[in-house]
Peer 1: 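Please see the structure below; I have some questions.
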Protein chains: 2
Amino acid sequence: MQHSIDCLSCMLSQAVKSAKNHIPDEEERKKLIRGIIADMASLDESVTSPYIAGRIQAALRKAMNDPDPYVQDKKYYNEEMLKLEDDLFKIRDSYENPFAAGIKLAASGNIIDFAPGYDLSREKVMEIIDQTLAMDIPRDVLLSFQKDLKNASTFLYLGDNAGEIVFDKIFIATIKNYYPELEIYFATRGKPILNDVTEEDAYIIGMDKFARIINNGTAIPGTDLSVCSSDFRKVFADSDVIISKGQGNFETLYGSGHKNIYYLFLCKCSHFMEMLGARQNDLMFIKE
Amino acid sequence: MQHSIDCLSCMLSQAVKSAKNHIPDEEERKKLIRGIIADMASLDESVTSPYIAGRIQAALRKAMNDPDPYVQDKKYYNEEMLKLEDDLFKIRDSYENPFAAGIKLAASGNIIDFAPGYDLSREKVMEIIDQTLAMDIPRDVLLSFQKDLKNASTFLYLGDNAGEIVFDKIFIATIKNYYPELEIYFATRGKPILNDVTEEDAYIIGMDKFARIINNGTAIPGTDLSVCSSDFRKVFADSDVIISKGQGNFETLYGSGHKNIYYLFLCKCSHFMEMLGARQNDLMFIKE
């Protein structure tokens, strides 16, 4: 999906905030931001917002001389959310429809995304879990998803952020319970980008117990097929059913034409709230 | 003063907001914002933030095909604030030091600036007046200002916004009471720019009773001497004392070298709050 003008100003604000937090020298900071603006000005208007975010983050990493500035944060959120794992399984099993509860839990984990500067205290995370579990998921989409899984032999789950991946694991374990014959792939980003999951995060939280871990070959906070590795594109095209988790994956994949792709995320930006008629943090479960 | 990187992201956000409010066609909106980003990328890093704002507003006016989009708002705020005029004079006279009260009233009028999207209800304006009157002004700056006026024969007041200008009139009338021999100039912008005062606004609120009205020849929300008219620059250089009102005038003039220039404004941006160690809406009365 083409980026919107809201994305441009939002990403520039975030870049300025990051530069102020991480680049001590003011002249260097100015040079960096001027470079980012010049790069924005040169971009084709068809590119996705995560693609631009990828370029901005690459410029930031270079200026910071740090190939993975969020490595400690990712580690922290993986560890914190792993502590919740047993509780999350219990919550799921306390519901009449554990499958639907698993979807909602996965969606609620989408709150763990610090790019837009959310409050991520334990209280906030628990509050969002409660709120999200209380939301309805569209019944027609749920039934269609279950029907597609029943007929599928391969299933691909596109991960989003560290920490959040623990919630994805609960959902994937649930799918595995219901459809034990399914061959499941879990895809991460190809290289460190913001707090997005890498293969390392997937192994750390034990995703390999339920899914085959692959990466998409890019350092973009989304899944921009035009730049993903050919290995990944093959798995994507050959998958019978796909879950695309998070707004960044939605932004890059919506309209890309896979016949059985389901988008699962909490609605975060005002731009998508307008586009989808949603309120902030509304649960989105959309079949394209 | 050179613009900061905060200014760039803030101005781009404002431009996106304006484009969404005033340009119905999405393609045109995108073209406009892309043009603004390209223009930002091409600018010399020494330019002031109001200079950039002037260019952005020129692009917006052109896209809107409207040479003065804020004309109705300016009219409204002038009229609304004129209704407060008698009360403002009474407030001033109720103070032990009406001269200091006049300065504070002028500063409080600086709240009427809708560029950063403030709440401008009558309640909010009255609340800010009360808050500002309760603040201290630096005693040394006040005494220096009075001493400079005593020795001066010409005084220049650089106006800021419509509506606010009524508060400036109270202060200028006060100065006229105390220093009746002083030749007073009141300077407006040269052409419509945002809600900034034009000569027309100054005549509408009756500034000509107290001061000779001149304009600076530019459509910039500040006083960027490098582009002001030579007539204005002569008055500026020849003035014995100057009041520079509002953040935009401060941003463009601070460091420009006039020996008796006083800056009066409410601190609005986080950038200036950091720079000046102030909280939002703190009264600034600074002698350079």
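Please read all numbers here as calculations on a predicted model, not as lab measurements. Below, chain A is the first sequence line, B the second, and so on; all start at residue 1. Just so it is clear, the values below take in all heavy atoms, side chains as well, and ignore hydrogens, waters and symmetry mates.
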Peer 1: Flag yes if more than 12 heavy atoms outside A:Lys287 fall under 6.0 Å of its NZ atom; otherwise flag no.
Peer 2: yes
Peer 1: Under 4.5 Å heavy-atom distance to chain A, tell me which part of B:Ile33 shows up: side chain, backbone, both or neither.
Peer 2: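 Only the side chain of B:Ile33 comes within 4.5 Å of chain A.
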Peer 1: With a sphere of 6.0 Å drawn around CG of B:Asn65, does it hold more than 12 non-hydrogen atoms of other residues, nucleotides or ligands?
Peer 2: no
Peer 1: Rounded to the nearest 0.5 Å, what separation is found between the CG atom of B:Leu12 and the OG atom of A:Ser13?
Peer 2: 7.5 Å
Peer 1: Has A:Lys30 got more than 12 heavy atoms of other residues, nucleotides or ligands less than 6.0 Å from its NZ?
Peer 2: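 Yes, because the 6.0 Å sphere around NZ of A:Lys30 holds more than 12 heavy atoms from other groups.
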Peer 1: Are the side chains of A:Met40 and B:Arg34 in contact, using a 4.5 Å heavy-atom criterion?
Peer 2: no
Peer 1: Crowded around B:Lys191 NZ? As in, over 12 foreign heavy atoms under 6.0 Å?
Peer 2: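 Result for NZ/B:Lys191: open.
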Peer 1: Let's test your reading of the structure: which of A:Ile36, A:Leu32, A:Leu8, A:Asp39 forms the most heavy-atom pairs below 4.5 Å with chain B?
Peer 2: A:Leu8
Peer 1: Non-hydrogen atoms of chain A under 4.5 Å away: do they reach the side chain of B:Glu45, the backbone, both or neither?
Peer 2: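 Both the backbone and the side chain of B:Glu45 come within 4.5 Å of chain A.
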Peer 1: Above 12 or not: heavy atoms from other molecules or residues under 6.0 Å from NZ of B:Lys75?
Peer 2: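 No, NZ of B:Lys75 has 12 or fewer neighbouring heavy atoms, counting only those of other groups under 6.0 Å.
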Peer 1: Do B:Lys20 and A:Glu274 have side chains that get closer than 4.5 Å, going by heavy atoms?
Peer 2: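 When only atoms from C-beta onward are counted, A:Glu274 and B:Lys20 do touch, with a gap below 4.5 Å.
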Peer 1: If we define contacts as heavy-atom pairs under 4.5 Å, which of B:Ser9, B:Ser4, B:Ala41 has the most with chain A?
Peer 2: B:Ser9
